[in-house]
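Notes for the one structure printed next.
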Amino acid sequence: MTGPEPAMERTGVWVHAVIRDIGAGMPGAGMPGIGIPGPDAADTGAAGVDAAETDGVTGVGGGRVRAVRAAGLTAIVSTVDLGEFGEQPLARNLENVQWLETVARAHHRVVETVGRRGAVIPTRLATIYRDDRCVAAMLTERRADFAAALDRVTGRTEWGVKAYASAAKASASRSYASRSYASRSYASAGSAAGAARSETAAAGAGAHDARPGTRYLRQRRAQLSGRDEARQATVANAEAIHRALAQKADADRRHPAQAPGLSGRTDWMVLNGTYLVSEDLGTRFADAVAALARRYPDLELELTGPWPPYSFAVVDEATDR
Amino acid sequence: MTEMAGTAGTHGAMLAQSTGAPPAPPDSGNLADILERVLDRGVVIAGDIRVSLLDIELLTIKLRLVIASVDTAKQMGIDWWEQDRWLTGRREAVEGEESRSLEGGSR
C-alpha cells in the first residue's frame, strides 16, 4: 500500500472528469464555479500532486470536489468512503436504483459544472483510485490520449435528439420491439434500409398459393406486410433525420433506444442520437431539429442539451462503440 | 425555438424540448438521459477499484429490467426485453459473460 496512513486505506478517490490543467496559462485562476482555488492553494502533501480543497459542488458520497493535477491535466475528484464505494459494497449498491440515481446525479452535476468552464472529459461512473498519487500516475500515463480527446471536444457540446413514433401513427404498437426493429435500428442506414426491403420482398413472395386457406394467409400476410411497411417507413425517416443532423455536427453517434420504463414513455423510440456541435452553432442545430420535426410530422422529436460531451469523450477510438 | 436559441451554448441549462411538450425542467435532466450517459458513455479508465466494464454493462441491463414496470412491460408486449439490443447483447457473448460474472469470475 502506498497510503501514508492506515486511515487512508478506508477512502478512495472518485474521478469525475479530466480537464486541461486549471493552472496552465491562468495564473491564480482556479475554478471559482466549483470552488477550486488556483494552483497557489495548499496541496495535499502528496508528492507531485496539487490537490486543492473546494467548498462548492459536492461530489459523490457528499465529499468535497478537489483537483488533482499532473502532466498538464487536472482530474476533478472527490474522496469516497470505501465502506460505501469499495469493491464489494459498490457492487451491492449499484443494484440499488435510488443509490444509483443519487450517485449518478451527483457525478453528472460535477461534470456539468466543470464543463461550463471549458473542455471536459467525463469519466465513466465508478472510476475509483486508491489515492491522489494513483490518479496523478494515471493522468501522466494517459496524457497523450486525454490531450487528444480534449482537443476533439474543445468548443463543442453534445446535443441529444430522440425520435418517437407513437404506436397509432406507426401502426406498430406491439410489434415495435419485434425482430425488425431490434436488429435494424442500430445498423447503419444503408444496411437497415436494405434489410427492410429484402424482408418485404420475401413476405410478398408466394402470395399466389392456390391451396385452401390461402385467402386467410394472404390477408394476414398483407396485414403484416402493411405493418412492416409502416415500420420500415418510420425507420427510414429516423435514418434520414439522423443523417441530416449528422451533417450539422462534427461527430455523431446512435445509441440503443432507452427502455420504455426508464424513459417514462411507452412509444417507440426510433432514434436515440447524439451530436457533437460547436458551441456557437447550437442555435442552428436546434433550428435544424425544428425544421426536421416539421418535415416529419409522424415522428416526435425531442432535443436535449447542451450536454457535456459524454458520448464523444473517448480516449481510445478502438474501444469506442 | 427561440427558447432554445437563448440557452444554446450556455453549458449549464439542460433543456429538453419536444415538438409537442413543454421543455423539461432545467437543472435536473431526465434520469434516463443521465444514466445512459454516466453508465454507458464517458471515458473508461481502469481505476483501482475494479468495477469492470462488464459489471457496468450488466448493471444497465438489470436496471432496465428493474425500472420498467410490470404494467409497462405488459403494454409493450411481455417479450420486449428479449428483443432489446441491450439485453440480447451488443456483443454476442453477453450471456456467457453474465453467467461467468454471477459465479464471481469477473474479477
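The model shown is predicted, which means the values in this text are computed figures rather than measured ones. All chains are named by letter (A, B, ...) in the order of the sequence lines, taking the proteins before the strands, and each is independently numbered beginning at 1.
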- Should V103(A) and V38(B) be marked as a side-chain contact (heavy atoms from CB on, under 4.5 Å) after you check the CA-CA gap, both sets of side-chain angles, and the distance that decides it? CA-CA 10 Å; V103(A) 167; V38(B) 301; over 6 Å; no
Is it the case that the side chain of R124(A) and the backbone of R41(B) share a donor-acceptor pair, with hydrogens and angles ignored and the cut-off at 3.5 Å? yes
- Message: Let's go through D33(B) and K162(A) carefully: what are the C-alpha distance in whole Å and the side-chain angles of both, what is the deciding distance for side-chain contact (heavy atoms from CB on, under 4.5 Å) to 0.1 Å, and is it a yes or a no?
- Response: CA-CA 11 Å; D33(B) 287 343; K162(A) 303 191 204 80; 2.9 Å; yes
Under 4.5 Å to a heavy atom of chain B? For T274(A) that would be side chain
Interatomic distance, CG@L100(A) vs CG@L39(B), rounded to 0.5 Å, equals 5.5 Å
dist I34(B):CD1 -> H107(A):NE2 (nearest 0.5 Å) comes out at 11.0 Å
What verdict does the side-chain contact (heavy atoms from CB on, under 4.5 Å) test give for R37(B) and V111(A), after you've listed the backbone C-alpha separation in whole Å, the side-chain angles of each residue and the deciding distance to 0.1 Å? CA-CA 11 Å; R37(B) 281 174 170 80; V111(A) 169; over 6 Å; no
Value for NE2 (H108(A)) from CG (L31(B)), rounded to nearest 0.5 Å, stands at 11.0 Å
